[in-house]
Structures are given as C-alpha cells and as structure tokens.
**Student:** 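A single structure is presented below for examination.
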Amino acid sequence: MEKYCPQELEKKWQEQWDKDGIYTTINNVPGQKKYYVLEMFPYPSGNLHMGHVRNYSIGDVIARFKRMQGFNVLHPMGFDAFGMPAENAAIKHNVKPADWTYANMDNMIRQQKQMGLSYDWNRLVQTCHPDYYRWTQYLFEVFYKKGLAYKKKATANWCDSCKTVLANEQVIEGRCWRCDSPVIKKDLAQWFLKITDYADTLLKDLDKLPGWPNRVKTMQHNWIGRSEGAEIIFNIPNFKENVTVYTTRPDTAFGITYMVLAAEHPLVDKLIKGRPDEAQIRDFIKRVHNQSEIERTSDKSEKEGMFTGAYAINPFNGAKIPIWIANYVLFEYGTGAVMGVPTHDSRDWMFAGKYGLDKKIVITDKEGKLTLDAMTDAYVDDGVLVNSGEFSGMNNRKAIPAMIDWLEKNKCGKRRINYRLRDWLISRQRYWGAPIPVIYCEKCGTVLVPEKDLPVRLPKDVKFDPGVVSPLAHSESFVNCTCPKCGGPAKRETDTMDTFICSSWYYMRYADAKNDKAPFDKDIVDSWLPVDQYIGGIEHAILHLLYSRFFTKVLKDAGLINFDEPFTNLLTQGMVIKDGSKMSKSLGNVVSPEEIIGKYGADTARLFILFAAPPERDLEWSDQGVEGAWRFLNRVWRIILHFAEEIKENKTTDVSLLTAKEKELRRVLHLTIQKVTDDIAARSNFNTAISSIMELVNAFYTSRDEHLQAGLINETATDLLLLLAPFSPHITEELWHKLGKTGSIHKAAWPKCDHSATVADEIEIVVQVNGKVRDKLKISSQTSRDDLKKQASELPHIKELTNGKNIIKIICVPQKLVNIVIK
RNA sequence: GCGGAAGUGGCGGAAUUGGCAGACGCGCUGGACUUAGGAUCCAGUUCCCCGUGAGUGCAGGUUCAAGUCCUGUCUUCCGCACCA
C-alpha cells in the first residue's frame with residue numbers, strides 16, 4: 001500500500017488549488033447566501049507562531065464548512081503592517097522599515113500558504129501600502145469634518161522606550177502594551193478622536209451582540225464605565241469663584257466636611273497664590289503630577305493631601321468646608337474635584353482620619369444606632385437620612401432624585417452622567433504609520449490635506465537613530481509644504497496615526513480591496529458586512545474591538561455604510577501554552593509551526609491544534625498529541641485505501657439489504673454527520689467534532705472484515721472524507737481523487753444526515769433502584785412505557801432487590817432509563 | 001475592593017435539556033503479527049478495603065435522580081482598579 005506522504009501531496013494540492021482559483025470569491029452571487037468569516041490579521045513580525053496557526057485553523061474550518069454548505073464565503077487575509085518593530089529593526093539593523101515589513105509579509109504569506117488556508121488572496125490588504133493608508137487618511141478627514149477629530153494640549157501617557165504617547169487603552173497596569181516599559185506623564189499637543197461622543201451607544205449596543213462572549217462585553221461595559229450622579233456647585237466666597245464636583249452620592253451631601261481638588265485643577269493656582277506655604281504646596285503639586293501610573297496606582301501609595309487655606313460653602317446647608325489638594329483625585333475624571341464625606345465613603349474615611357478632618361453621620365442603619373465612636377470604617381450601605389435638613393427621614397435611594405431636583409431648582413447643580421472612557425489619543429511620534437493629513441499654515445491655521453492630494457506619503461529621506469522623537473519632523477522634504485488654501489508656506493503635521501486606526505476598518509476594505517476611487521463601494525460593503533464570524537485573541541477585548549465598533553458607528557452616521565456593528569459573532573480563542581506558560585523566546589518553550597508542518601504536514605498540525613482543546617480555552621502543546629493526530633490521519637489513509645476497489649465501483653447503499661451490523665455502521669455514520677454538523681455550526685466545538693469522526697473511523701475498522709455491501713462502503717468512505725475535509729484539507733483531497741471522485745472535495749456538498757438511519761431497532765435501558773444503576777435492559781425502541789416498566793421490574797436481579805419492599809413509584813424516561821423507588 | 005471565568009482519572013479533555021460520570025486522544029499494561037519493532041491490529045486502563053463500596057475543589061440543600069439547579073465556602077486564572 002502506498003504510504004501517506006504529506007510533504008509531497010500538500011504542496012501538490014496547494015499549487016493545484018491556486019491554479020484553479022477554487023478559493024476566489026465573487027461578490028453578490030445570485031441565489032447564494034453570503035457568509036463572512038474573518039481571523040484578526042497579524043502584525044508582520046516575520047514568522048507565524050502557534051497562536052496564528054490556531055487562529056487560522058479555526059477560521060479555515062468554518063470557511064470550508066460554510067462553503068460546502070452552499071454559502072458564498074468571504075475569507076480574506078492581510079497584514080496590520082505599520083508599527084514600532086519595523087522602526088526598531090531600522091535602527092538596529094539599518095534596513096528600511098518598508099523593506100523589513102514587506103520581506104516579513106512575504107515570508108508569512110508563504111507560511112500561511114503552507115498551512116493550506118482557503119483565503120482569497122486577491123483581496124490581500126496591507127495597511128502600510130499607500131493604496132491603503134490613503135484611505136485611512138481619507139477616513140481621518142471624515143472624522144475631522146464631523147468634528148470628531150481634534151487637537152488639544154493634554155497630559156498624555158508617554159512610553160520613553162517607544163518614544164511616543166499611548167492611548168489609555170494601551171496602558172496595561174501602568175506599562176506600555178507593546179514593550180512593557182513604565183509609562184510616564186507628559187504634556188503635549190495631541191490629536192484625539194471623540195470616542196466619548198459614542199460612549200452611550202457603544203454601551204447600549206452591547207445588547208445587540210448576543211453572539212459575543214459575555215466576558216468581552218463585560219470588559220467593554222466596565223471600560224466605558226457609565227455612572228449616574230450629579231454635579232454640585234460650591235461657592236468660594238473669598239475668591240468669588242465656583243467649584244463644581246461630580247458625585248454619585250448626592251444623598252450624602254449634608255455629610256460633606258471637606259472638598260478635594262486634583263493637583264492639575266485650574267483653580268488651585270489662584271487659591272494658593274501668596275500663601276505663606278505656597279512653595280511647599282507647589283512642590284507637592286509637582287510631585288503628584290509627575291508620579292508615574294505605577295506609583296499612583298500601587299497598593300502602597302498613601303493618600304496624601306495639603307490644605308489650600310481656602311473654604312467653600314455647601315449649598316445644601318451653608319456649611320463652610322476646607323478645600324484640599326490630594327493625589328487620589330484624578331483631573332481627567334468627572335470635574336477634577338470631589339466632595340469629602342468621611343462617614344459614607346471609605347476613601348474619605350481614611351483621608352479624614354489621616355488629616356484629622358471632621359466626620360458627620362447623615363445616613364443611619366435600620367436600627368438607627370450608628371455612632372461615630374462605634375465606626376471603624378465608612379457606612380456605605382443604604383439607610384435613612386439623618387441630620388439632612390428637609391430630607392431627613394427619607395430613604396437615601398429615594399433622596400437622590402429629590403436632592404438633585406433641589407439642586408436644579410436652586411441653580412446650584414444638576415443631573416449628570418459620567419463615563420470612565422476617555423477620548424482616543426491617536427497621535428504617535430513615530431515614522432512607520434499613516435501620516436495625519438493635516439497642514440499648519442500661519443495664515444489659515446489647521447488645514448486638511450485636500451482629498452486629491454492623498455495619500456500624504458511617508459518620505460524616504462529619513463534617518464533612524466535611537467532615541468529620536470518624531471522622525472518625520474527631521475525630514476525637511478516632508479515638513480515644508482504649501483498651504484492648500486492660500487498657497488503660502490506651511491508645515492505638515494509630523495505625527496502619524498495609532499496603528500489601531502488602520503485596523504479599525506480593514507475588515508471593510510476586504511469587501512472591495514482594490515477600489516482606487518474610495519475606501520470601498522458602499523453597496524459591496526453592505527452586501528458582505530457585518531462579519532458573520534470573527535476570530536481572535538482575547539487581548540483585543542477592549543482595544544481593537546472597541547475601536548472597530550466606534551469606527552463602524554461613525555462611518556454609518558457619515559452615510560458610508562449601512563450597519564452599526566462590525567462583528568455579529570465573536571470567538572475569542574485561548575492561548576497556546578507549553579509547560580504551563582505562554583510560548584515565548586525568553587522561556588525557551590517555543591514550538592515552531594514550520595518545523596511541525598515540515599515533519600508531519602499541515603493537516604496533522606491543524607488537526608492536533610483543533611482537537612487538543614475547545615477553541616476558547618488555553619491549549620497545552622503536546623508533542624505526543626501531535627503524534628496522535630498523525631496516527632489518526634494514517635489510520636484514515638489506510639482504511640480508505642483498504643476499501644479503494646469497492647469504493648471505485650461508486651455504488652449507492654441499498655438500505656433494504658443491510659445486515660444488522662451494516663445497519664449499525666450506517667447508524668454511526670449518520671449520527672456522526674449530525675454531530676459534526678452541529679459541533680461546527682452551533683457550538684464551534686471542533687474538538688468533539690473530531691472525536692466523533694475518530695469514533696466513526698473506529699467503527700469502520702471494527703466492521704472491516706464483515707464483507708460489507710459495496711454501496712455502504714462507498715457511502716461511509718465518501719462521507720467520512722467530506723466530514724474531515726474542513727479540518728485536514730490535503731489528505732482528504734488526495735484520497736478523494738484516488739477513489740476516482742471528480743472535482744475538488746472542497747467544492748463538494750456537505751453530507752446530510754439521514755434521520756431514518758439513526759434510529760436503533762434495539763436500545764439499552766438503564767434500570768435503577770433508588771437512583772442507583774442495578775441492571776440494564778435491551779428492548780425494542782418501540783416498547784411502550786407500561787411495557788417498559790413491567791419488563792424492568794420483572795428482571796430477576798431487580799426482583800431480588802425489590803422483594804418484600806414497598807414500590808412507591810416508578811419513574812420512566814423514554815429511551816433512557818427506569819428508576820424504581822422503594823422503601 | 002469590584003467584575004468575570006474555571007476547578008472532573010496519571011495527562012489533554014467529554015457529558016448540548018437534571019437521566020449510565022470519564023466519550024475521544026495521550027500515556028501505561030497485555031495480546032496478535034513479526035528475525036525485530038519505537039510500525040500496525042486487538043483488548044484493558046477513575047479509585048479502593050473489590051461490593052448492596054466510594055467518586056466531578058470543600059460543606060450543606062432541593063430532587064425518584066445533581067458534574068449540571070440552590071446556599072455558603074476555598075483555590076486558580078483573567079479584566080478593571082483611589083473613577084468620587
């Protein structure tokens with residue numbers, strides 16, 4: 001028998017598929033329903049890792065399955081090709097970022113082709129290509145024209161290793177998401193996208209995404225961080241100023257004993273000017289402002305504050321309260337000023353305790369026995385208002401709207417909804433990104449580069465040296481230009497865009513990847529999108545997935561598209577780990593996909609990675625598991641070739657002539673069809689789909705010597721190959737042709753379950769006594785309930801157990817079990 | 001602290017609607033074939049005091065019946081974290 005040799009046959013079929021263009025997708029095929037399956041495109045680091053292999057294997061199974069089910073499937077691939085590593089390579093190895101990036105992409109495409117993935121390569125998208133970033137710039141201008149892009153001076157997160165600023169979403173526990181260096185604060189004029197305008201929609205529309213994991217939705221929910229509360233305006237009589245605080249607990253307002261401003265609050269300067277301790281306070285402010293994210297949020301960092309010497313008036317009761325400055329108040333959130341209620345807020349309790357500030361109880365527990373002396377921490381539960389003027393006696397929850405009404409009536413406050421989400425900082429002081437298409441003219445101010453002049457191309461005369469900030473600023477040919485409005489001398493913006501902008505719309509570009517008149521044609525995009533199934537890592541739960549939702553909503557409002565959520569179903573795959581931790585160079589536990597494919601072939605690699613764990617869970621790499629997958633494919637190879645002669649007769653099964661054993665094999669076959677179809681389509685449980693195919697193969701082996709009907713052999717072999725085709729596309733294609741079948745197996749129709757074949761004549765019923773299995777009963781599946789009860793209770797072993805006991809009742813679950821309850 | 005997910009054999013994992021716990025694979029044990037096998041095929045493999053036994057992190061509860069539902073609790077992982 002010919003040996004299974006994947007190295008030869010995989011290459012052969014990859015070339016054949018390419019030649020025949022069997023994965024080329026045509027837009028809008030009449031009579032076919034569309035299905036868009038997409039894996040998150042990779043950063044072109046140079047080599048595929050196992051995480052990629054897992055990601056693409058999952059997507060490819062779905063794509064192939066849907067194609068066989070008759071859908072018109074869009075399954076494209078591309079590269080998120082801008083970003084820091086290309087620049088680092090330029091600095092380190094003196095190669096141009098473009099050369100490095102394109103060489104890496106070529107290599108990764110070669111590796112992807114080696115995996116036998118069914119992409120339509122005609123739709124390849126590379127975000128660093130001028131034909132793509134031209135439209136990224138165009139979309140920036142769409143945002144700008146809608147007032148959703150603006151430049152402002154702000155305290156930004158700065159990564160001193162990457163020499164650039166970062167968006168909030170890109171700071172992970174005080175560190176840079178890419179290089180893990182500590183993030184520091186820096187005041188810079190930066191471009192922002194107004195994602196906060198969409199905070200409420202982004203939050204509410206999470207409900208429109210039943211196909212997303214709850215985990216991701218919860219994370220986005222928390223990230224957006226909506227809270228309902230009130231603004232309260234406090235007068236500062238000595239300075240003729242007002243300060244507004246934001247609070248979610250206006251019901252505690254009579255308990256305010258102090259107020260705290262953020263160090264950056266604009267009023268601070270005025271309040272402390274000329275005070276004897278002004279210098280000390282300014283030192284304190286400076287220190288707080290320069291505190292890194294890590295210092296600020298570490299558990300050890302104490303709440304620290306200083307008194308400004310000024311007092312504000314509580315509008316509710318006229319109380320005079322001291323104004324403090326403290327490190328725990330964030331300028332960016334709310335109004336940058338908070339009220340202090342030590343008795344009903346734990347943080348305030350600690351702060352007041354440390355600095356000896358007053359405490360006043362305004363909410364009491366059910367017994368009304370709350371006393372300051374007995375308290376060891378703030379009382380944050382609900383209760384009844386006391387010491388609260390006209391509101392005393394009210395339930396505190398009910399007092400909240402009442403007290404806000406009072407504020408509005410007396411013009412010293414109002415209702416307010418607040419979000420934790422901040423605007424998206426998109427400027428990057430780097431070279432390898434899409435230039436922000438803006439020109440600064442002394443006469444005309446900020447001017448957009450006219451559409452006809454796009455793209456603003458990256459210059460080639462750039463030197464890469466370590467530590468250089470904004471390489472574009474050093475390129476005179478780039479910076480100096482003429483104003484599009486007045487024709488006078490002007491300067492270009494030298495920042496580039498966050499690469500997350502490029503990846504916020506690439507999935508739309510695939511639909512119409514070669515359009516040179518627009519980012520895409522509206523009708524074509526609307527015909528393909530939203531993406532039916534998106535697959536990627538959980539690490540993008542907030543970042544890419546939130547940004548993409550935002551882009552989709554803005555582009556819809558701009559009339560460019562007609563859908564408001566980009567991804568209908570989301571599958572977040574787990575990591576590939578080895579020896580208990582994530583594969584990484586530093587741990588030396590990396591397994592190279594190319595090596596595995598070289599040794600066993602892509603079919604084995606794909607099969608193992610899909611079989612070893614369900615997709616959402618982390619997957620422990622196992623060399624022995626790979627051997628198992630390899631053995632299984634060899635088993636398939638041998639059993640199919642064993643029956644080659646019978647199969648070539650190409651007969652259909654004559655159901656009327658089947659023996660009992662043949663019937664059983666055919667039953668297993670059709671149960672497998674049902675199970676595999678359900679596992680792929682409804683559950684994305686590829687591991688159990690594969691295990692049931694293995695069971696089918698085992699059953700085929702078991703009945704190998706039964707002189708099976710040629711029709712049944714043909715049916716079993718054909719359907720087996722079809723079921724396995726999405727997982728291991730090469731071996732199934734090879735066997736398909738060896739058996740004399742015509743056309744590509746990947747163009748064939750998915751097998752249908754014959755439900756009449758899945759019914760067993762005789763079934764086994766479990767017989768329990770008091771819930772414990774005591775016997776089993778083989779009966780016809782047609783047996784009536786009463787008959788079943790009777791037969792079960794008359795089993796000799798059961799009779800022994802029930803003899804002399806009272807039978808209280810008999811539970812009967814059809815097709816499954818009988819439970820006799822005795823006493 | 002808040003929010004989320006998960007705890008099942010030696011290992012990866014299965015049990016979809018409350019109905020035989022451990023499918024499938026790995027590993028291990030034995031057999032067959034063989035000059036030989038680390039190939040292949042077949043069989044066995046939760047544990048123990050080996051029976052009317054125990055068993056899905058732990059302690060309770062509901063039910064004829066619980067890995068699955070309820071209450072409490074422990075552990076691990078992940079996300080957010082002075083957000084007022």
Side-chain angles (χ1 to χ4, degrees), chain A residues 3 172-174 213-223 225-227 229 245-249 252 260 262 296-299 301-303 326-330 332-341 345-348 350-351 418-422 538-539 541-542 607-608 611-614 616-629 631-632 634-635 638 675 678-679 682-683 685 687-695 697-698 701-702 704 764-776 797 800-801 808-822:
Chain A
K3 266 178 84 180
I172 314 291
E173 282 176 7
N214 284 331
R215 181 149 79 119
V216 174
K217 288 190 278 188
T218 308
M219 280 164 74
Q220 292 210 357
H221 187 276
N222 293 342
W223 187 262
R226 182 181 195 271
S227 73
V245 303
Y246 173 73
T247 179
T248 55
R249 294 294 306 273
T252 63
V260 191
R296 256 227 357 254
T297 57
S298 89
D299 296 339
S301 80
E302 277 258 334
K303 291 185 188 5
N327 60 350
Y328 73 94
V329 176
L330 306 172
E332 305 89 54
Y333 184 78
T335 60
V338 302
M339 59 193 215
V341 184
D345 182 291
S346 287
R347 291 158 305 181
D348 296 348
M350 275 166 67
F351 191 75
N418 212 28
Y419 298 92
R420 211 187 70 106
L421 182 72
R422 313 281 155 76
I538 187 76
E539 66 272 18
I542 293 170
L607 193 73
F608 163 71
F611 176 64
E616 306 249 0
R617 235 192 274 187
D618 284 352
L619 182 152
E620 174 76 30
W621 183 267
S622 153
D623 290 331
Q624 286 168 331
V626 178
E627 289 276 354
R631 271 203 291 266
F632 170 70
N634 276 283
R635 228 166 121 74
R638 282 189 303 267
K675 168 96 178 131
D678 185 55
D679 277 351
R683 310 203 307 153
N685 275 12
N687 55 330
T688 51
I690 294 166
S691 81
S692 71
I693 298 174
M694 288 173 169
E695 286 180 84
V697 171
N698 290 346
Y701 267 91
T702 307
R704 195 176 27 171
E764 197 180 56
I765 300 285
V766 170
V767 184
Q768 298 180 330
V769 176
N770 282 349
K772 285 186 177 164
V773 181
R774 294 302 183 201
D775 210 343
K776 283 171 186 180
H797 185 53
E800 233 172 79
L801 287 162
I808 295 168
K809 59 177 159 178
I810 300 177
I811 311 273
C812 190
V813 182
Q815 314 287 318
K816 287 219 169 98
L817 65 74
V818 175
N819 185 13
I820 301 166
V821 187
I822 57 170

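Just so you know, these numbers use all the heavy atoms, side chains as well, and skip hydrogens, waters and symmetry mates. On a predicted model such as this, the values are computed, not experimentally measured, just so you know. Chain identifiers are assigned alphabetically (A, B, ...) following the order of the sequence lines, protein sequences preceding nucleic acid strands; residue numbering begins at 1 within each chain.
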**Student:** Between A/Arg635 and B/rC24, does any side-chain N or O lie under 4.0 Å from OP1 or OP2?
**Tutor:**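 Looking at the OP1 and OP2 atoms of B/rC24, neither is under 4.0 Å from any side-chain N or O of A/Arg635.
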**Student:** With distance as the sole criterion, is a donor-acceptor pair present between the side chains of A/Arg420 and A/Asn222 under 3.5 Å?
**Tutor:** no
**Student:** Does the side chain of A/Arg704 get closer than 4.0 angstrom to OP1 or OP2 of B/rC41 through an N or O atom?
**Tutor:**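 So the side-chain polar atoms of A/Arg704 never come under 4.0 Å of the phosphate oxygens OP1 or OP2 of B/rC41.
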**Student:** Could you run down nucleotides 13-20 of chain B 5' to 3' and tag each one B, S or - for protein heavy-atom contact under 4.0 Å?
**Tutor:** SSSB--BB
**Student:** Identify whether the glycosidic angle of B/rG31 places it syn (within 90° of 0) or anti.
**Tutor:** anti
**Student:** For RNA chain B, just give me the dot-bracket, please: Watson-Crick or G-U, both distances below 3.5 Å, ( ) intra-strand, [ ] crossing earlier pairs, | paired with another strand, . unpaired.
**Tutor:** (((((((..(((......[....)))((((((.......))))))(((..).))..(((((..]....))))))))))))....
**Student:** Any chance you could measure A/Lys675, atom NZ, to A/Ile693, atom CD1, to the nearest 0.5 Å?
**Tutor:** 11.0 Å
**Student:** Select base, sugar-phosphate, or nothing to describe what A/Thr247 touches, counting heavy atoms under 4.0 Å on all strands.
**Tutor:** sugar-phosphate
**Student:** Say you draw a straight line from CG of A/Asp775 to NE2 of A/His797; how long is it, rounded to the nearest 0.5 Å?
**Tutor:**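 Separation between the atoms: 6.0 Å.
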**Student:** Kindly compute the distance separating OG1 (A/Thr335) from CG (A/Asn418), expressed to the nearest 0.5 Å.
**Tutor:** 8.5 Å
**Student:** Roughly how far, to the nearest 0.5 Å, is CD of A/Gln768 from CD1 of A/Ile820?
**Tutor:**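 Going from CD1 on A/Ile820 over to CD on A/Gln768, the span is 10.0 Å.
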**Student:** Looking at B/rC64, I'd like to know if its phosphate oxygens (OP1 or OP2) sit under 4.0 Å from a side-chain N or O belonging to A/Lys809.
**Tutor:** yes
**Student:** Are OP1 or OP2 of B/rG25 and a side-chain N or O of A/Asn698 less than 4.0 angstrom apart?
**Tutor:** yes
**Student:** Does A/Tyr701 make a side-chain N or O approach to OP1 or OP2 of B/rC42 shorter than 4.0 Å?
**Tutor:**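 Result: no.
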**Student:** Which part of the nucleic acid, if any, lies within contact of A/Arg420, taking any heavy atom under 4.0 Å across all strands shown: a base, the sugar-phosphate backbone alone, or nothing?
**Tutor:** base
**Student:** Quick check with a 6.0 Å cut-off and a 45 degree axis cone: is A/Lys303 positioned over the face of A/Tyr328's six-membered ring?
**Tutor:**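 Here A/Lys303 passes the 6.0 Å and 45° test against A/Tyr328.
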**Student:** Less than 4.0 angstrom between a side-chain N/O of A/Arg631 and OP1 or OP2 of B/rU40, yes or no?
**Tutor:**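 Result: no.
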**Student:** Between A/Arg631 and A/Arg635, does the side-chain contact (heavy atoms from CB on, under 4.5 Å) criterion hold? Intermediate values first, please.
**Tutor:** CA-CA 6 Å; A/Arg631 271 203 291 266; A/Arg635 228 166 121 74; over 6 Å; no
**Student:** Taking the C1' atom of each, how far is B/rC50 from B/rG55, in whole Å?
**Tutor:** 15 Å
